[in-house]
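Comments concern the structure below.
So that the names make sense, note that chain A is the first sequence line, chain B the second, and so on, each numbered from 1.
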Amino acid sequence: MDEKYFSKKVEAKWQKRWAETCAFEVAKDERPKFYQLEMLPYPSGNLHMGHVRNYSVGDAIAWFKRLKGFNVLHPIGWDSFGQPAEDAAIKRGVNPREWTEENIKSMQGQLQRLGLSYDWLRQMAAHRPEYYKWDQWFFLKMYERGLAYKKKTQVNWCETDQATLSNEQASGGLCWRCGNPVTKKDLEQWFLKTTAYADQLLDDMADIDWPQNVIKRQRDWIGRSTGAYVNFEVRVTASAVPAASEETPKGVTLTVFTTRIDTIYGANAVVLAATHPVVEAHRHQFSAEVLAKIDAIVAESSKPKELGEEVEKDGVDTGLKAVNPFSGEELPVWVGNYVMMEYGTGAVMSVPAHDERDWEFAKKFGLPIKQVISEPHLTHEHHTMQAMALEVPFVDYGVLVHSDSWNGKTSDDAKKEMTHYAETHGFGEAATTYRLRDWGVSRQRLWGSPIPIVYCDGCGVVPEKYENLPVVLPDNAPMTGTGESPLAKVPEFVNVACPQCGGAARRETDTMDTFVDSSWYYYRYLDPNNSDAAFDPALAEYWTPVDQYIGGDDHAVMHLIYARFWTKAMRDLGLVKFDEPFRRLLTQGMVVGETFFDDSTGKRRYFPPDQVTIERDEKGKVVNAFLRSEDADEGVRVPLKHAIERMSKSKGNGVDPDEMVEIYGADAARLFVLFAAPVENELVWHESGIEGAVRFLQRVWRFVYKWHALFSEFKDRTTENTEITEKDGKTGTDISKRLRQKTHQTIKRVDDSLSTLQFNTPVAGLMELINALYDAKIEPETATDDEKFAVYEGVRALVLMLAPFAPHAAEELYEQITGETRGIVGSGARYPEYRADLAAADEIEIAVQVNGKLRSRIMASPEAANEELEAQALADEKVREFTEGKEIVKVVVVPKRLVNVVVK
RNA sequence: GCACGCGUGGCCAAAACGGCAAAGGCGCCGGUCUUAGAAACCGGAUAUUGAAGGUUCGAAUCCUUCCGCGUGUACCA
């Protein structure tokens with residue numbers, strides 16, 4: 001054993017050993033399984049610290065579960081379709097496939113140098129025909145079941161990326177990739193019917209263990225709201241219509257969606273989206289002024305909007321009238337810019353007294369405001385005097401007033417009864433609407449899975465035959481970056497015989513959104529080489545669902561909704577038997593770093609840290625930062641500002657994982673990343689922090705080095721039954737007893753922490769344990785048998801518990817102390833056994849307070865009765881000083897913790 | 001604007017049910033070693049837990065208000 005810890009040597013040795021022994025390759029067996037999954041990376045060519053964090057966490061869990069006796073499936077693959085490959089092709093003229101394959105190769109090397117315990121034989125890559133064949137297979141299955149369909153719509157279009165975006169990808173009106181505003185464009189698109197599963201997507205979240213914020217975002221995204229459709233009959237009044245127009249549309253009704261049918265007596269108008277069909281149908285009846293206004297609203301709404309921009313209410317009275325079916329009142333029909341055709345029916349009843357938007361609208365256009373819901377205790381007032389003027393809209397539930405026979409009902413009751421009334425009278429029904437839209441999957445891109453559809457003049461839209469899959473991407477498509485489908489320019493691809501009639505036909509030239517690939521990749525890992533099916537359902541039955549999924553929360557609505565949708569569709573195809581793919585989800589925070597910049601010119605100019613001189617005060621707080629003199633213009637001291645920002649090359653605060661591994665070792669890098677902050681928090685990268693991780697590993701190493709010769713005399717060292725008889729812990733010295741106590745407390749602490757997905761606290765626990773081993777000051781030469789055993793037990797446990805965080809070092813140390821050459825994984829070593837009797841002290845310290853202030857401590861057995869503790873506390877000398885001559889009001893005893901004496 | 005989350009030494013952070021005088025790491029200070037520094041090792045100091053009220057025998061932990069920060073979201077009827 002080397003006296004010092006050399007990370008490179010240890011890591012090389014164990015990476016080689018693991019590979020040779022196929023240590024992490026698994027197959028179905030008798031053990032309980034654990035499926036540990038991390039979000040697969042896009043093969044950009046470079047790993048960044050965010051990946052390191054994600055995969056270090058996953059690897060820690062994988063190791064922990066292995067030590068706990070599970071058969072752990074821990075795979076990795078490549079999300080290798082997507083835009084950057086195309087960009088590289090356009091910019092540098094490289095072949096996207098070759099570019100992608102090379103990147104995969106280099107990133108795999110980076111992952112291996114980190115020593116991540118993946119089963120490499122299970123890798124999948126989305127861009128390979130063996131994989132995307134099954135994208136197409138699924139697409140056809142969905143097509144058969146009506147879950148894939150084509151329609152012409154306004155799609156979200158990013159001018160910068162020249163790409164269509166799904167609703168999820170255009171959230172907030174900004175492109176998810178480049179952050180630029182999104183515009184609208186009319187295109188024929190393929191859609192997957194995510195809305196068919198809207199209720200399940202919402203309701204099944206009750207059964208999964210996910211972070212609250214992700215669940216909330218999905219819930220908001222699906223946006224189910226329950227209410228009612230209510231029909232308003234449209235009338236055209238003579239006065240509002242140009243004289244030329246004679247026709248009075250008969251039987252035209254406007255259906256509005258409302259969640260507050262109880263407020264219907266307060267409606268002052270029906271407001272329509274500018275593109276509402278009823279508006280379109282009556283265009284010829286509107287005055288030029290009205291038409292101009294409507295067109296202006298349409299034009300305005302298709303413009304890109306800045307994030308956070310408030311759009312002022314606008315609208316126009318069309319002159320049409322609609323009849324409130326409850327009150328019979330005739331209401332004006334307006335067009336309003338705040339009503340969206342995409343939601344509900346594109347028509348709302350405007351109730352200004354009880355809705356903020358309607359309130360604003362009514363205020364702007366001077367429409368009447370009538371209160372029909374009252375706070376319960378004010379109901380009486382509303383009936384004895386005129387409605388009091390509201391100062392703000394009253395949007396809460398309450399009691400109905402000014403609503404004919406419904407007066408006095410609560411909002412809750414009225415909603416139910418009025419909906420029922422509308423139903424029985426044929427002018428409405430209960431209804432549920434969703435914000436969730438179907439998933440637009442067509443992309444006018446090359447680097448994705450071709451959509452397996454053929455257009456035949458004779459037969460129309462024809463699905464490709466299953467036996468013709470995969471529809472392979474041609475290698476020679478011209479890439480122009482103009483936004484047209486590159487595949488359309490490849491005649492050999494486009495021109496094809498119709499699968500149905502054999503006649504001349506054309507292929508669909510759009511490809512699928514790359515989120516299709518990531519919707520089911522975790523099933524392909526189960527059976528990566530299967531050429532007859534996406535995977536064998538029998539394997540899925542053993543390995544899936546995924547037990548623990550880890551990734552960034554930027555995928556909270558996109559990937560995670562699509563993957564859930566896909567699983568439900570697969571379930572209905574009979575491929576899996578569960579509803580949810582990911583039992584437990586963990587979202588890790590960003591890795592950020594300190595940046596230094598000069599913004600005196602109004603623009604931020606960033607400088608890498610090695611060009612910066614930092615001044616600190618006596619406590620170490622940064623007070624000033626300057627551009628290092630040799631890098632600045634002569635004689636000028638340039639003050640710099642500093643901030644904590646997301647790592648990026650342009651800001652000079654990026655950290656290259658390879659470099660960290662080179663300098664400090666993979667173990668230290670991983671240990672630091674796990675220790676520095678709770679996983680879900682931001683992680684601020686400090687170079688000094690990783691040095692601390694190295695110091696800790698060295699500290700453990702030194703301790704093992706000091707003892708390993710002695711341990712080698714023990715026989716059968718892999719278990720706790722050494723020749724040194726294990727004592728029951730009661731007969732040993734105080735020192736060995738205390739050490740064993742710390743060891744067993746740590747065993748429990750680390751176990752509990754890892755089970756609850758905390759990674760920083762168990763590392764702290766291991767640090768405390770090594771500190772305790774040093775602090776015990778036991779020397780190999782002079783130690784008693786008890787002490788030797790206590791040290792051995794502590795070290796062995798420490799090393800095993802270290803494996804999830806620093807596996808290479810743990811393996812090496814384990815071999816050194818136990819002599820086991822097959823290693824931790826190879827020998828199937830288990831997590832150390834916790835013994836509660838040893839973790840508990842036989843005498844514990846009890847704090848004694850007087851009036852809540854700590855005044856003394858007493859020693860007592862953990863089993864001591866409350867009365868005993870009370871008596872002992874009252875008898876305590878220091879306590880008596882404070883209770884002397886005072887009346888004891890009461891004594892509070894917290895078993896095993898403290899006694900509080902309350903005096904007056 | 002709305003919703004949610006957070007605020008603990010200079011920094012990152014830990015503390016089941018409210019219960020000891022608030023872990024661990026980084027940084028800082030001192031010492032050993034060294035010609036000196038760095039590294040390494042050893043030792044040390046550092047916190048009325050954002051503010052103000054309240055509940056309680058007892059509050060970092062619960063409640064109220066305020067301040068500060070972060071995230072999500074935007075006319076969803």
Problem set entry | Under 3.5 Å donor-acceptor pair, A:R857 side-chain atoms to B:A21 base atoms |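 A donor-acceptor contact between them is present.
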Expressed in whole Å, how much space separates the [atom1] atoms belonging to [N] and [M]?
N: B:G5; M: B:G50; atom1: C1'; result: 16 Å
N: B:G31; M: B:C20; atom1: P; result: 37 Å
N: B:C26; M: B:C67; atom1: P; result: 39 Å
N: B:A21; M: B:C28; atom1: C1'; result: 24 Å
N: B:A74; M: B:A3; atom1: C1'; result: 11 Å
N: B:G54; M: B:A60; atom1: P; result: 16 Å
N: B:G58; M: B:A13; atom1: P; result: 32 Å
N: B:C66; M: B:C2; atom1: P; result: 12 Å

For this session: Nearest 0.5 Å please: distance from the CD atom of A:E429 over to the OH atom of A:Y229.
Result: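 So the gap between those two atoms works out to 7.5 Å.
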Exercise. Once you round to the nearest 0.5 Å, how far does CG of A:L769 lie from OG1 of A:T743?
Worked result: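 One gets 5.0 Å once the value is rounded to the nearest 0.5 Å.
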Among [options], which nucleotide sits nearest the side chain of [X]?
X: A:M340; options: B:C57, B:G25, B:A77; value: B:A77
X: A:R699; options: B:A23, B:C42, B:G27; value: B:C42
X: A:V348; options: B:G24, B:A77, B:A14; value: B:A77
X: A:R897; options: B:A23, B:A16, B:A77; value: B:A16
X: A:R217; options: B:A77, B:U73, B:A40; value: B:U73
X: A:P678; options: B:A21, B:G24, B:A13; value: B:A13
X: A:A677; options: B:C12, B:G19, B:C26; value: B:C12
X: A:N760; options: B:A23, B:C75, B:A14; value: B:A14
X: A:R749; options: B:C20, B:A23, B:A40; value: B:A23
X: A:H686; options: B:G43, B:G72, B:C11; value: B:C11

Is there a side-chain contact between [X] and the phosphate of [N], meaning an N or O under 4.0 Å from OP1 or OP2?
X: A:S225; N: B:A77; value: yes
X: A:R695; N: B:G25; value: no
X: A:R260; N: B:A77; value: no

Base, sugar-phosphate, or nothing: which does [X] touch, judged by heavy atoms less than 4.0 Å apart?
X: A:N771; value: sugar-phosphate
X: A:E687; value: nothing
X: A:N681; value: sugar-phosphate
X: A:V351; value: nothing
X: A:R437; value: nothing
X: A:G692; value: sugar-phosphate
X: A:K216; value: sugar-phosphate
X: A:V892; value: base
X: A:N900; value: base

Exercise. Based on Watson-Crick and G-U pairs with both distances under 3.5 Å, what dot-bracket line describes RNA chain B 5' to 3', crossing pairs as [ ] and inter-strand pairs as |?
Worked result: (((((((..(((......[....))).(((((.......))))).....(((((..]....))))))))))))....
Value in whole Å for how far the [atom2] atom of [N] lies from [atom1] of [X]:
X: A:E682; N: B:G72; atom1: CD; atom2: P; result: 11 Å
X: A:R855; N: B:C57; atom1: CZ; atom2: C1'; result: 14 Å
X: A:Q698; N: B:G25; atom1: CD; atom2: P; result: 15 Å
X: A:Q745; N: B:A15; atom1: CD; atom2: C1'; result: 14 Å
X: A:N851; N: B:U56; atom1: CG; atom2: C1'; result: 13 Å
X: A:H276; N: B:A77; atom1: NE2; atom2: C1'; result: 13 Å
X: A:F672; N: B:C11; atom1: CZ; atom2: P; result: 16 Å
X: A:N866; N: B:C57; atom1: CG; atom2: C1'; result: 15 Å

For this session: Mind telling me whether A:F361 and A:W334 have parallel, tilted or perpendicular rings, with 30° and 60° as the class edges?
Result: perpendicular
Exercise. Stepwise, does the side chain to side chain donor-acceptor pair (under 3.5 Å) test hold for A:S225 with A:T433?
Worked result: CA-CA 5 Å; A:S225 62; A:T433 62; 3.3 Å; yes
Problem set entry | Minimum side-chain heavy-atom gap A:K363-A:P352 below 4.5 Å |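 They are not in side-chain contact.
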Problem set entry | A:D751 side chain near A:Y834 side chain, heavy-atom distance below 4.5 Å |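 No; the side chains remain at least 4.5 Å from each other.
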For this session: May I have the step-by-step check of side chain to side chain contact (heavy atoms under 4.5 Å, CB included) for A:I747 and A:M801, ending in yes or no?
Result: CA-CA 8 Å; A:I747 290 170; A:M801 291 189 286; 4.1 Å; yes
Seminar exercise, completed: Closest to the 5' end of RNA chain B, once A:E356 and A:R435 are matched to their nearest nucleotides, is A:E356
Seminar exercise, completed: By nearest-nucleotide position on RNA chain B, the 5'-leaning member of A:Q758 and A:K896 is A:Q758
Exercise. Is it true that A:F805 and A:F759 have ring centroids separated by less than 6.0 Å?
Worked result: no
Exercise. How far apart are the C-alpha atoms of A:N324 and A:Y265, what are their side-chain angles, what is the distance that settles it, and do they pass the side chain to side chain donor-acceptor pair (under 3.5 Å) test?
Worked result: CA-CA 8 Å; A:N324 183 334; A:Y265 280 84; over 6 Å; no
Exercise. Above 12 or not: heavy atoms from other molecules or residues under 6.0 Å from NZ of A:K706?
Worked result: yes
For this session: Over all heavy atoms of both residues, which pair between A:I369 and A:A362 is shortest? Give the atoms and the distance, please.
Result: CG1-CB, 4.1 Å
